[in-house]
Amino acid sequence: MRSPPQAHSQITHSALESIKQDLIDFRCVLRSWNSRSGVCTGGCVGIKCDQGRVIAIQLPWKGLGCKIWSKMGNLHSLRRISLHDNLLAGSIPQSLWLLLNLRGVYLFNNRLSGSIPPSITQSPSLQNFDLSNNQLNGTIPNIVSSSSKIYRLNLCYSAFSGEIPKSIGELKNLESFNVS
């Protein structure tokens with residue numbers, strides 16, 4: 001069931017405001033997120049919308065610091081997260097993988113740590129997944145169960161341990177897999 005447009009707009013604005021407060025914005029690139037006329041009016045840097053819903057957060061190379069926010073899980077229409085080449089640290093929140101429309105995750109070249117949450121298997125639309133060049137560790141989760149649309153998976157330059165799950169070879173659309 002879709003929420004009414006006004007309720008969705010409030011949830012979206014609240015989620016983005018929370019994300020902004022959690023970030024360290026060295027270059028003040030998120031000043032435009034104060035837009036009172038609405039998030040999807042074109043005035044918010046790095047935000048892409050479709051039919052009044054946030055579908056992409058694209059803020060690469062902005063010098064943003066802090067952590068990835070669990071509030072991102074409230075952006076139910078989100079399809080793409082591109083926050084690569086920043087100073088993001090901490091773990092990847094479980095809520096990120098509960099976004100059913102999420103197709104692309106580009107978090108490479110940050111300072112992310114911890115393991116990849118097992119909830120990644122609940123992300124049925126995921127196609128392109130790049131977490132390379134972070135400080136991630138642990139084992140690579142078995143992602144084949146519902147993420148069978150993945151065609152690009154880049155996990156190189158981290159500290160993963162254990163064996164590569166055999167299920168990775170079962171990903172029918174996989175064109176590129178990098179791990180080291």
Side-chain angles (χ1 to χ4, degrees), residues 2-114 116-117 119-120 123 125-136 149-158:
R2 290 184 102 172
S3 56
Q6 186 177 19
H8 178 76
S9 179
Q10 287 175 315
I11 292 169
T12 300
H13 181 59
S14 174
L16 288 176
E17 193 59 36
S18 178
I19 289 167
K20 180 181 176 185
Q21 288 175 0
D22 286 347
L23 277 173
I24 299 171
D25 183 9
F26 296 106
R27 299 180 190 160
C28 299
V29 295
L30 303 180
R31 281 186 298 226
S32 65
W33 284 24
N34 291 328
S35 176
R36 298 246 186 251
S37 59
V39 172
C40 292
T41 58
C44 293
V45 168
I47 301 295
K48 184 176 178 183
C49 296
D50 182 32
Q51 298 180 0
R53 297 183 184 272
V54 175
I55 61 167
I57 297 178
Q58 301 178 136
L59 294 165
W61 303 294
K62 301 295 185 209
L64 300 173
C66 205
K67 60 181 181 172
I68 298 177
W69 332 273
S70 59
K71 291 281 186 184
M72 223 179 257
N74 292 338
L75 300 172
H76 300 290
S77 298
L78 200 60
R79 297 181 200 160
R80 178 184 176 105
I81 299 169
S82 182
L83 295 168
H84 60 85
D85 294 286
N86 278 294
L87 303 169
L88 300 175
S91 60
I92 302 167
Q94 297 271 350
S95 63
L96 190 65
W97 311 116
L98 303 178
L99 297 169
L100 299 179
N101 298 309
L102 191 60
R103 297 178 190 157
V105 175
Y106 307 91
L107 297 173
F108 56 92
N109 296 337
N110 277 292
R111 297 175 182 168
L112 300 173
S113 59
I116 299 173
S119 55
I120 186 177
S123 202
S125 300
L126 193 60
Q127 298 172 1
N128 199 332
F129 181 51
D130 193 336
L131 292 176
S132 62
N133 201 22
N134 277 289
Q135 298 163 6
L136 297 167
K149 294 181 179 179
I150 292 180
Y151 67 87
R152 184 171 175 264
L153 180 59
N154 191 352
L155 303 173
C156 63
Y157 304 112
S158 281

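Numbers here simply count residues along the sequence, with the first being 1.
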- Euclidean distance, S123 OG relative to I150 CD1, rounded to 0.5 Å: 8.0 Å
- Item | Contact summary for W33 and E17, nearest pair of heavy atoms | O-OE1, 4.0 Å
- Task: Sequence neighbours left out, what passes side-chain contact (heavy atoms from CB on, under 4.5 Å) with R79? Give chain and number order.
- Result: D50, I55, N101, R103
- Task: With rounding to the nearest 0.5 Å, note down the distance linking OH in Y106 to OG in S132.
- Result: 12.0 Å
- Message: In terms of relative ring orientation, are W97 and F129 parallel, tilted or perpendicular, with 30° and 60° separating the classes?
- Response: perpendicular
- Does M72 offer a backbone N or O that forms a donor-acceptor pair with the side chain of N74 under 3.5 Å? no
- Message: Does L64 form a side chain to side chain contact (heavy atoms under 4.5 Å, CB included) with L87? I'd like the steps, not just the answer.
- Response: CA-CA 6 Å; L64 300 173; L87 303 169; over 6 Å; no
- Query: Going from CG on L155 to CG on D130, what distance comes out if it is rounded to the nearest 0.5 angstrom?
  - Reply: 8.0 Å
- Item | Heavy-atom closest pair, residues Q135 and S158 | N-OG, 4.3 Å
- Residue pairs involving residues 62-71 (criterion salt bridge (Lys or Arg N to Asp or Glu O under 4.0 Å); sequence neighbours excluded): none
- Which pair of heavy atoms, one from L99 and one from H76, lies closest together, and at what distance? CD2-CA, 4.0 Å
- Item | Nearest heavy atoms of P117 and I92, plus distance in Å | CG-O, 3.2 Å
- Query: For the atom pair CG (L75) and CD1 (I47), what is the distance rounded to the nearest 0.5 Å?
  - Reply: 7.5 Å
- Message: Is the shortest side-chain heavy-atom distance between N134 and L88 below 4.5 Å?
- Response: no
- Are side-chain heavy atoms of L102 and I81 found at a separation under 4.5 Å? yes
- Contacts satisfying disulfide bond (SG atoms under 2.5 Å apart) that involve residues 48-97 (not counting sequence neighbours) are C40-C49
- Message: Using 0.5 Å steps for rounding, measure from the CG atom of L83 to the CZ atom of R80.
- Response: 10.5 Å
- Message: Within the supplied structure, the quantity of interest is the number of heavy atoms (other residues, nucleotides, ligands) at a distance under 6.0 Å from K48 NZ; does it exceed 12?
- Response: no
- Task: Could you verify whether a donor N or O on one side chain and an acceptor N or O on the other, from N133 and N109, lie under 3.5 Å apart?
- Result: yes
- Task: Apply the test side chain to side chain contact (heavy atoms under 4.5 Å, CB included) to residues L78 and I57: give CA-CA distance (whole Å), side-chain angles for both, the deciding distance (0.1 Å), then the verdict.
- Result: CA-CA 8 Å; L78 200 60; I57 297 178; 4.0 Å; yes
- Query: Closest heavy-atom contact between L112 and L131?
  - Reply: CD1-CD2, 4.5 Å
- Going from NE2 on H84 to CZ on F108, what distance comes out if it is rounded to the nearest 0.5 angstrom? 4.0 Å
- Message: For L100, is there any backbone N or O sitting under 3.5 Å from a side-chain donor or acceptor partner on S125?
- Response: yes
- Heavy atoms of D85 and N110 approach each other most closely as N-ND2, 4.0 Å
